[in-house]
Amino acid sequence: MNHIAALNRREAPPFGQILKPPMTKAVSAGENLFYVKEGNSEVARVNFIFPAGKLFQSIPLVAQGVSRMMMDGTKSHSGKALSEAIDFYGSYLSFKSGLDYGEATLHLQSRYWEKVFPLVREIFQESVFPKKEFEVFRENGKAALVQDLERVEVLAGRKFFEVLCGPDHSYGKKSEVGDYENLSPEIFQEFFSKHYFGNFPLVVASGWVDENFLKGLKGYFYGPYKDLVPSDVIKEFTPEKEKFYFLPKKGAVQSAIRVGRIVVKKNHEDYPGLFFLNTVLGGYFGSRLMGNIREDKGFTYGIHSTLQVNRAGGILSISTEVGSEVTKEAVSEIFKEIKRLREDLIGVEEMALVRNYIMGNFLRGMDGPFEVADRFLGLELHGLNYDFYQRFVDTILSISSEKVRELAQRYFREEEFCTVVAGCWD
Amino acid sequence: MINFKKHTLPNGLTVIIHENHSTPMAAMNILYNVGARDEHPDRTGFAHLFEHLMFGGSANIPNYDKPLQEAGGENNAFTSNDITNYYLTLPANNLETAFWLESDRMNALDFSPKSLEVQRNVVTEEFNERYFSQPYGDLFLLLRPHAYKVHPYQWATIGKEISHISGATLEEVRVFFYQFYLPSNAIMCVAGNVKEKEVMEMSEKWFGPIPGGSRIQRNLPKEPKVEARRILEVERDVPFDLLIKAYHGSPKNSPGFYAEDLLTDIMSEGNSSRFYQELVLNKELFIEADLYLTGEIDGGLIVAEGKLRPGVSFEEAERAIDYELEKIMTSGPSEEELEKVKNKVVSTLRFSEMNVLNNAMNLCFSELLGDAGWVNDEESKYAAVTAGKIKETASKVFSTQFPSVINYKAKR
């Protein structure tokens, strides 16, 4: 006789922890070239990283502007011809620039490398900045900035970086609409020559990286590899003294809140523990901040805290947009949660939950060629090696609630936090 | 080629299994055949509010997220005019946790006043953040009722107005649940490092006992053809004028859809596209200009949208767009243009199928349209579109109907 046990929906099925996640590594092909060969689809991604971020500019908007104009023409091809050729082979080439680096990302069907690589190299070596396209860039850039400056989250974010990094630090210096008048094709050409043309990028290929593809990469992009960010480029943060800033915006339906402070860089011994603490505070959907400010009070659609680490330094940043009428209360609740973590030990269940959650994400982060490539970039671009991930995993698996509280006592002191509010402050 | 197996439980739940043993993860995607189009016109925003309520606790499990996070899982959901879709990924050895959680909330929610209250507030904040705090945020709140006069696509997923959400009662919530959240009205795909046998065993164990019903039958009114040009003028606190010209497109599962998709790509995908080269770069009339489709199952919109450069009038801008539409209607695309956009589609499909969760979602969606196996026909359906077909489609879309136009003016 078949006995079917009554289904007990109240009881969670047994589950396992992730104790030994895979540490899949990118492979070196020598010098500046690395790859992750994985996957069944015949497509690949190639990341090209240049020392061409904000860190390297002396005039606002240059790094970003050059990056935006990289598809606008070379000595041999107009922008239109470049786009047509790259698009024709079903490839996607995009450029972006951030605080430290200028990046190009290429997605393509691997078999078309012979058609696409020469064009990409040409862009890296022969880009020109035609006058007409420059004017379009300038007009559109001004337009976009004007629009952005209407948004409370943009206003708060800009101010936040300015006060923590310092108004003269390349990370903190705000760009204004007027800054567009100081730009020119010649200035762009100079930056391009120094930071793109004059450097072999870090090249990381992932996906269908077969023998021919690798040969192609070697033929077009291989070169001597030196540290992308020399230490003399890195300047210390020069934070402002004041701890509270309010940027009014008439009629704002929501206020943007940024609360945070300068913390450690990725190579610091406290980083993994701080990552754990940050996750508890606001690093996932079940965090203290989400539980309080979204789930309990319904003040916001989302609140998060992030450990943003770059070459010049790290910043802990809590950010949210809340209904304007509850702005003051929301800020107060944020500090309540910070205080709780400083004073009380995190309970056993929550420790286990956050541990498993982070490990689940780590597993996800090592799953598939593009993820593995991203993990490699997360090391290489901070001057780290794979020991970092081992140290990270070891910390997450073993950190005690006492140690977490110790870190909170060190880093979660209210007087060291800065608050920026854009919108309403009754 | 996405391999899969399909079964149906006695209670009507469709179970699709897609095995991929190169990943340590499992993905579970559950598509409920209910969207904003199924709402009552005086109680809109309900399907979306419901998506939030599904996280407020089920009959036996007070908190959905915690047990999933404990098992190393991550989840999210979204609501559209057509469907409500829930998805999660977790280490494959913890698969049963997903079955426990999803089956309990398909079976019965914990309909509590506190949960309703909190989610109402959250959705209200979402309304504010997405639609009233962003410049041009209310564009689709305006465009939908302007372009659709009869079909329920005339309201956005978030709802026509906040009061519809703030007035929702627990009883209404209960009725909605038992009407739409049935195994017979759901399609589930379990993908990744899983085995068909174990998935079916768990499906029968956890989902089997849930009482079935029938797949909902829709009898939605058909949107009549737009017989005259419609224009709406609004003024908002935004930096730039925005022009919208919307036309009606083919239903998702029809042959015309693929031609329309490629048509929009030819017109505005990437820097080599016609809109970018002519409207943005050469004529310098637009800061940005786009032609896109919204893709709803019963027939979405094909929208030309552009931000005008200061000093450019709406008339001039619209003439320039019409000029481009005329060109494609008259001469169709070149063979190069067509091959280009097809190559791009192939690239996109190939990248997409590397992601196990994407595959699970697409399998469920194709099944909803009629057959999960259609996921593997996408490439050939796009490949079959000819230049002549694009030209014909352009004529059909742009000259056999009138547009719904919005002049979205920047307050001076």
Side-chain angles (χ1 to χ4, degrees), chain A residues 7 9-10 12-13 15-18 22 39-43 71 79-80 83-84 87-92 107-109 132-133 136 139-140 143-144 146-147 150-152 207 251-254 284-286 294-296 298-301 321-323 352-353 356-357 359-361 363-364 367-368, chain B residues 23-25 59-61 65-67 69-74 89-91 93-94 96-97 99-100 104 107 117-118 121-122 124-126 128-129 132-135 205-206 209 237-240 270-272 277 280-281 284 287-288 307 309 336 339-340 343-347 350-351 353-355:
Chain A
L7 185 64
R9 286 195 183 278
R10 291 197 171 274
F15 61 90
Q17 293 186 298
I18 302 145
N40 290 327
S41 268
E42 292 175 25
V43 287
M71 290 286 291
K80 182 171 185 214
S83 299
E84 270 170 0
D87 284 352
F88 182 78
Y89 292 102
S91 314
Y92 293 86
H107 288 86
L108 76 171
Q109 295 177 48
K132 184 176 166 88
E133 278 79 349
V136 170
E139 284 314 301
N140 290 355
V146 166
Q147 190 174 297
E150 295 296 316
R151 299 169 60 192
V152 289
V253 177
Q254 292 192 315
Y284 74 118
F285 199 85
R294 173 173 150 149
E295 293 298 300
D296 189 53
F299 286 169
T300 179
Y301 178 49
E321 286 75 48
V322 300
L353 189 152
N356 287 348
Y357 174 79
M359 291 308 295
N361 273 350
L363 193 65
R364 230 169 255 110
D367 182 28
Chain B
T23 170
M25 311 298 289
N60 294 288
I61 309 168
D65 286 306
K66 273 207 176 66
Q69 285 150 0
E70 265 185 323
E74 181 76 78
T89 60
L90 82 177
N93 55 315
N94 293 339
E96 195 158 18
T97 304
F99 274 90
W100 171 61
D104 203 57
N107 194 23
E117 181 62 31
V118 168
N121 288 340
V122 171
T124 303
E125 272 324 303
E126 189 181 343
N128 286 333
E129 182 172 321
F132 298 124
S133 290
Q134 311 292 339
K205 174 180 176 186
W206 292 101
D237 200 356
V238 291
F240 308 102
N271 283 3
S272 65
Q277 289 293 323
V280 176
L281 224 44
E284 295 186 46
I287 295 164
E288 49 196 52
K307 282 200 185 93
R309 284 258 196 133
E336 285 79 30
E339 194 173 339
K340 166 183 78 170
N343 278 340
K344 284 204 140 181
V345 164
V346 169
S347 297
R350 298 269 163 86
F351 274 102
E353 74 189 20
M354 289 178 74
N355 181 303

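On a predicted model such as this, the values are computed, not experimentally measured, just so you know. Below, chain A is the first sequence line, B the second, and so on; all start at residue 1.
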Give me the atom names and distance for the closest heavy-atom approach of [X] to [Y].
| X | Y | value |
| --- | --- | --- |
| A:Y284 | B:Q69 | CE1-OE1, 3.3 Å |
| A:G16 | B:N93 | CA-ND2, 4.3 Å |
| B:S347 | A:Y92 | CB-CE1, 4.3 Å |
| B:M25 | A:D367 | CG-OD2, 3.4 Å |
| A:R364 | B:E74 | NH2-N, 3.3 Å |
| A:P13 | B:W206 | CG-CZ2, 4.1 Å |

[X] versus chain B, the contacting section by heavy-atom distance below 4.5 Å:
| X | value |
| --- | --- |
| A:E139 | side chain |
| A:V322 | backbone |
| A:A143 | both |
| A:R151 | side chain |

With no hydrogens and no angle check, is any side-chain donor or acceptor of [X] less than 3.5 Å from a backbone partner on [Y]?
| X | Y | answer |
| --- | --- | --- |
| A:R9 | B:A59 | no |
| A:S41 | B:M354 | no |
| A:E150 | B:D237 | no |

Please classify the contact of [X] with chain A as side chain, backbone, both or neither, using a heavy-atom distance under 4.5 Å.
| X | answer |
| --- | --- |
| B:P91 | both |
| B:I61 | side chain |
| B:D65 | side chain |
| B:Q277 | side chain |
| B:F351 | both |
| B:N355 | neither |

Kindly compute the distance separating [atom1] ([X]) from [atom2] ([Y]), expressed to the nearest 0.5 Å.
| X | Y | atom1 | atom2 | value |
| --- | --- | --- | --- | --- |
| A:F88 | B:E336 | CZ | CD | 6.5 Å |
| B:K307 | A:N140 | NZ | CG | 10.0 Å |
| B:N121 | A:E295 | CG | CD | 11.0 Å |

Find the one option among [options] whose heavy-atom pairs under 4.5 Å with chain B are most numerous.
| options | answer |
| --- | --- |
| A:M71, A:K132, A:E321 | A:K132 |
| A:V43, A:N40, A:L363, A:L108 | A:V43 |
| A:G286, A:G360, A:G39, A:S83 | A:S83 |
| A:H107, A:E133, A:M359 | A:H107 |

With respect to chain A, which residue among B:V122, B:L90, B:T97 yields the maximal number of heavy-atom pairs within a distance under 4.5 Å?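 Top option by heavy-atom pairs under 4.5 Å: B:V122.
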What residue, out of B:V345, B:V280, B:V238, B:V118, has the most heavy-atom pairs lying under 4.5 Å from chain A?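 Among B:V345, B:V280, B:V238, B:V118, the one with the most close pairs to chain A is B:V118.
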I want to check something: taking the side chain as every heavy atom from C-beta on, are B:K344 and A:D87 in contact at a cut-off of under 4.5 Å?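 The answer is yes, as the side chains (C-beta and beyond) meet within the 4.5 Å cut-off.
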Going by atom types only, do B:E125 and A:T300 share a side-chain donor-acceptor pair under 3.5 Å?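 B:E125 vs A:T300: no donor-acceptor pair found between side chains.
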Walk me through it: do A:V136 and B:R309 pass the test side chain to side chain contact (heavy atoms under 4.5 Å, CB included)? CA-CA 10 Å; A:V136 170; B:R309 284 258 196 133; 3.8 Å; yes
